[in-house]
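Keep in mind the model is a prediction, meaning the values are calculated, not measured.
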Amino acid sequence: MDYDLSHIAPVWGRVTNLVVERGEGCYVYTTDGQNYLDFTSGIGVVNTGHSHPKIVKAIQDQAAQIMHAQVNCYFHPPLIRLSQALNEITPPHLDTFFFSNSGAEAVEASVKLARHYTRRPNIVVVQGSFHGRTAQTMAMTTAKTVYRVDYQPLPGGVFVAPFPYAYRYGMNAETVTNFALRELDLILHTQTAPQETAAMIIEPVLGEGGYVPAPPQFLQGLRRICDEHGILLIIDEVQSGFGRTGKFFAHEYAGIQADIMVMAKGMASGFPISGIASTREIMSKWQVGTHGGTYGGNAMGCAAAEATIKVIKEEKLVENAAERGGQLLDGLTELQSRFPVLGDVRGLGLMVGCEFVNPATGQPDPIITKKVVAHALEQEHLLLLTCGMYANTVRWIPPLVVNEAQINEGLRKFEQALMAAIQ
Ligand SMILES: Cc1ncc(COP(=O)(O)O)c(C=O)c1O
């Protein structure tokens with residue numbers, strides 16, 4: 001079917017040109033009657049699968065009651081119920097919530113809160129970070145130059161520390177952790193003094209930067225350094241949250257406490273809502289009126305998020321992410337033993353990356369990565385995304401409702417695509 005696409009801005013990087021009209025669970029259906037196994041989850045959003053009936057109903061019911069009960073003007077039941085539902089699933093000390101619309105907007109809110117609370121200006125990010133595309137979050141994003149090229153100069157006060165990326169540095173987890181913590185200490189001695197550093201922000205699993213889990217010891221080290229200097233630790237769980245990694249939030253693996261946690265994507269199964277969680281003590285210092293927004297805390301978004309949390313619990317999707325993630329990691333590790341272009345396979349739960357390299361040189365190979373993804377799409381009807389600083393990692397991020405047979409189907413299709421691309 002031919003469509004006139006000429007009025008749609010071409011700025012969006014395109015993964016496919018499919019025109020989808022319907023989604024159900026792990027599959028999407030195009031207007032010309034094709035179906036695809038969707039392991040993109042709309043970039044990690046539809047954790048409960050496409051158009052889960054219980055979430056659809058919650059949105060429909062809420063739309064019939066009131067769509068936009070603006071939070072400056074009134075409280076509304078979904079807002080109150082969502083804050084309680086979040087309070088049950090977030091770490092106990094994170095008991096106060098602010099809502100906005102996108103991941104970037106929530107990251108911005110976390111930075112504003114950290115600056116306001118500490119009265120300090122600077123932020124430390126890690127190499128390979130992705131925090132969004134607004135001016136502030138672009139300045140905090142170092143996953144690829146494409147996110148910032150021709151937009152400079154960006155807001156200042158952002159300093160970049162190395163991420164403990166064991167495979168890239170050719171080190172083991174302990175050595176790379178010690179290296180990254182030493183370099184961070186150097187930055188605090190040479191670039192941003194602790195007394196002018198408001199916060200450090202990190203994704204517990206580097207997302208756009210290549211699906212690399214941070215070693216727990218590194219997150220513990222960050223917490224220690226922040227405590228020493230009165231710096232806040234912001235954990236960006238936008239991509240890794242809401243059960244994705246086999247825990248409700250990925251930083252729980254490290255047993256650390258965030259001062260502020262950022263949430264979006266999987267929070268409401270596709271309805272645009274995001275938020276930050278912090279302690280009552282920190283939130284109470286955020287001066288009334290210094291932050292807000294027209295749509296944050298929108299009644300339909302809150303209803304969708306509340307229903308999402310309920311479905312994740314009822315259907316044991318956190319547990320399923322851990323089990324199916326194990327199955328996926330085992331399957332990919334087996335493929336790695338037969339396909340030397342798969343240099344590294346890693347991940348937590350259903351947030352798994354496989355990094356493509358040239359086996360002769362060990363260098364990143366974005367060309368073969370692109371070929372495999374194209375074969376998967378065109379011949380196998382398997383939708384995959386890439387990530388990584390050199391665009392040489394395939395990220396596996398299926399809906400958390402995925403079952404054993406569907407993981408096997410994905411692996412089989414991926415193997416076919418690998419064989420076709422390598423010939
Ligand atoms: C870790 C992380 N933070 C922030 C964002 C920005 O979210 P949004 O695209 O909703 O603004 C993303 C988006 O991919 C992300 O992965």
Side-chain angles (χ1 to χ4, degrees), residues 39-41 43-44 126-130 143-144 162-180 202-220 235-241 243-247 249-254 321-359 362-366 368-369 372-373 376 384-398 400 402 407 410-411 414-415 418:
F39 275 13
T40 72
S41 298
I43 322 191
V126 292
Q127 177 64 60
S129 53
F130 186 95
K144 281 190 190 77
F163 180 86
Y165 189 161
Y167 181 69
R168 172 158 178 70
Y169 287 112
M171 297 177 186
N172 65 28
E174 190 184 342
T175 312
V176 82
T177 294
N178 292 338
F179 158 74
I202 188 165
E203 300 154 75
V205 181
L206 209 56
E208 302 293 319
Y211 271 36
V212 195
Q217 294 78 4
F218 180 72
L219 294 177
Q220 291 154 9
I235 301 286
D236 181 343
E237 292 268 10
V238 167
Q239 194 153 164
S240 53
R244 170 61 53 194
T245 65
K247 299 261 186 207
F249 297 101
H251 73 280
E252 291 170 34
Y253 279 105
E323 274 173 38
R324 299 282 70 82
Q327 179 194 352
L328 178 60
L329 208 56
D330 287 349
L332 290 172
T333 307
E334 193 281 319
L335 287 176
Q336 187 188 21
S337 68
R338 290 187 283 125
F339 294 90
V341 285
L342 293 175
D344 194 31
V345 172
R346 58 194 175 232
L348 281 178
L350 284 172
M351 194 166 180
V352 172
C354 49
E355 181 162 349
F356 284 78
V357 293
N358 177 326
Q363 290 303 303
D365 194 340
I368 193 75
T369 317
V372 171
V373 170
L384 292 170
L385 288 172
T386 60
C387 61
M389 293 173 245
Y390 292 90
N392 67 318
T393 297
V394 165
R395 63 172 122 176
W396 294 80
I397 186 165
L400 308 188
V402 72
I407 291 285
L411 286 166
F414 185 62
E415 181 175 358
L418 271 172

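Taking the side chain as every heavy atom from C-beta outward, I235 and I202 approach each other to under 4.5 Å. Between F356 and L418, some side-chain heavy-atom pair lies under the 4.5 Å cut-off.
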side-chain contact (heavy atoms from CB on, under 4.5 Å) between C387 and F130, intermediate numbers included: CA-CA 11 Å; C387 61; F130 186 95; over 6 Å; no
Working for side-chain contact (heavy atoms from CB on, under 4.5 Å), residues T393 and T369: CA-CA 7 Å; T393 297; T369 317; over 6 Å; no
Working for side-chain contact (heavy atoms from CB on, under 4.5 Å), residues I43 and R395: CA-CA 10 Å; I43 322 191; R395 63 172 122 176; 4.0 Å; yes
Audit row: S240, E237, side-chain hydrogen bond (donor to acceptor under 3.5 Å, both in side chains) steps and yes/no: CA-CA 5 Å; S240 53; E237 292 268 10; 2.6 Å; yes
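Looking only at distances, a side-chain donor or acceptor of K144 sits under 3.5 Å from a matching main-chain atom of G388. A donor-acceptor contact shorter than 3.5 Å is absent between the side chain of Y253 and the backbone of L348. No side-chain donor-acceptor contact under 3.5 Å links Q239 to the backbone of G44. Between the side chain of Q363 and the main chain of N358, no donor-acceptor pair closer than 3.5 Å is present.
There is no side-chain donor-acceptor pair under 3.5 Å between E174 and T177. In summary, the side chains of R168 and Q127 do not present any donor paired with an acceptor at a separation below 3.5 Å, with no hydrogens or angles considered.
A 6.0 Å sphere centred on CZ of F179 holds more than 12 heavy atoms belonging to other residues, nucleotides or ligands.
Classification of the F163-Y165 ring pair by plane angle, with boundaries at 30° and 60°, yields perpendicular.
Look at E355 and R346 and you find a salt bridge, because one of the NZ, NE, NH1 or NH2 atoms lies within 4.0 Å of a carboxylate O, short of that distance.
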